[in-house]
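Encoded as structure tokens, the structure appears first; notes follow it.
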Amino acid sequence: MRFTLNGAPAEVGAHPMRRLLDVLREECGLTGTKEGCGEGECGACTVLVDGEPVCACLVPFAQVADAEVTTIEGLGGDHPLQRAFASLGGAQCGICTPGMIMMATKLPPNSTLDDVRAGLAGNLCRCTGYEAIYRAVLEAAAETAEAPA
């Protein structure tokens, strides 16, 4: 099956009913996408499909035929959200971090705390809480808003 993975053409011969999460991790070697609950409840496996966040544990691989899939690796490691999570302690145990970041990519620049809370409401963290995560997302949003277009 052909699709675009992190900006590059990809062709993977996995069964069409395999979970996208498993194909990304096991066939594509992209282990940045994490499995939390495996039931679409925690958001740890969030990736973007055609620019929209989805829980990769709920998506059959067949559904991404000819689609564009972006994983945490596709952000390149120097995305403002990745830097802010690292510098402000938003990446705690790390299981929820990729999903939080991928979901946060869809928040508008200059997001407020209420925007961040609402935007990340479907992503669960089982560590010490959300304050460091919210600070990181707000910092990245402010940085993005200040960046020249």
Side-chain angles (χ1 to χ4, degrees), residues 3-10 18-149:
F3 62 110
T4 301
L5 180 58
N6 294 330
R18 284 191 73 195
R19 301 182 313 169
L20 176 60
L21 172 65
D22 298 329
V23 172
L24 291 171
R25 292 183 57 85
E26 297 167 14
E27 304 296 329
C28 302
L30 299 174
T31 57
T33 303
K34 306 298 184 200
E35 180 165 10
C37 67
E39 299 176 351
E41 297 291 330
C42 74
C45 63
T46 301
V47 298
L48 304 180
V49 174
D50 290 333
E52 294 301 318
V54 300
C55 289
C57 70
L58 298 179
V59 175
F61 181 51
Q63 202 167 326
V64 301
D66 299 321
E68 182 172 336
V69 177
T70 306
T71 68
I72 190 73
E73 289 91 346
L75 298 184
D78 194 38
H79 188 280
L81 282 162
Q82 292 171 307
R83 288 195 309 268
F85 267 70
S87 68
L88 297 175
Q92 297 166 97
C93 81
I95 294 295
C96 74
T97 304
M100 291 279 186
I101 290 174
M102 296 310 291
M103 184 62 81
T105 64
K106 301 308 296 178
L107 293 171
N110 283 329
S111 291
T112 66
L113 180 56
D114 286 342
D115 295 332
V116 173
R117 284 183 174 148
L120 298 181
N123 291 68
L124 303 179
C125 171
R126 296 183 178 106
C127 291
T128 60
Y130 295 87
E131 294 308 313
I133 293 168
Y134 294 158
R135 277 195 306 272
V137 173
L138 287 169
E139 167 128 339
E143 179 183 335
T144 302
E146 293 171 6

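The shown structure was predicted, so the numbers you read here are calculated from the model rather than taken from an experiment. Residue numbers start at 1 and run along the sequence shown.
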Check E35 with R19, please: is the shortest side-chain N to carboxylate O separation under 4.0 Å?
yes
Partner of T71 under side-chain contact (heavy atoms from CB on, under 4.5 Å), picked from T31, L48, L5, is L5
#### Entry: N/O donor-acceptor pair under 3.5 Å between E68 side chain and T4 backbone
no
Interatomic distance, CD1@I95 vs CG@L124, rounded to 0.5 Å, equals 13.0 Å
- Query: Do T105 and L75 touch side chain to side chain, with heavy atoms closer than 4.5 Å?
  - Reply: yes
| message | Quick one: does any side-chain atom of Y130 pair with a main-chain N or O of C125 as donor and acceptor, under 3.5 Å? | response | yes
Sub-4.5 Å side-chain heavy-atom contact between T97 and Q92 = no
Note: A44 and C96 closest approach over all heavy atoms is CB-CA, 4.4 Å
Item to check | Beyond-backbone contact of M100 with F85, side-chain heavy atoms, under 4.5 angstrom | outcome: yes
| task | Measure the shortest side-chain to side-chain distance between P53 and M102 over non-hydrogen atoms and say whether it is less than 4.5 angstrom. | result | no
Closest non-hydrogen contact found for G32 with E73 is N-OE2, 2.7 Å
Heavy atoms of Q82 and G76 approach each other most closely as OE1-C, 4.1 Å
d(T112 OG1, Y134 OH) to nearest 0.5 Å is 11.5 Å
Review point. Counting N and O atoms only, with roles assigned by atom type, does the side chain of R135 sit under 3.5 Å from a partner on the main chain of G90, one being a donor and the other an acceptor?
Key: no
Rounded to the nearest 0.5 angstrom, the OG1-CG distance for T70 and L30 is 11.0 Å
Tightest non-hydrogen contact, residues I72 and T33, listed as CG2-N, 4.2 Å
Taking the side chain as everything from C-beta on, heavy atoms only, tell me whether V49 gets closer than 4.5 Å to L20. yes
With V137 as partner, the option from L113, L88, D115, L81 fulfilling side-chain contact (heavy atoms from CB on, under 4.5 Å) is L81
*asked:* Given 3.5 Å as the limit, does a donor-acceptor pair link the side chain of D66 with the main chain of F3, or not?
replied: no
In this structure, CD of E39 is separated from SG of C55 (nearest 0.5 Å) by 11.0 Å
Checklist entry - Would a 4.5 Å heavy-atom cut-off, applied to side chains only, mark C42 and R126 as touching? => result yes
Value for OG (S111) from NZ (K106), rounded to nearest 0.5 Å, stands at 12.0 Å
Nearest heavy-atom approach of A56 to V47 is CB-CG2, 4.1 Å
Residues I133 and L120: closest non-hydrogen pair is CG2-CD1, 3.9 Å
Looking at side-chain heavy atoms only, is the closest gap between C28 and V23 below 4.5 Å?
yes
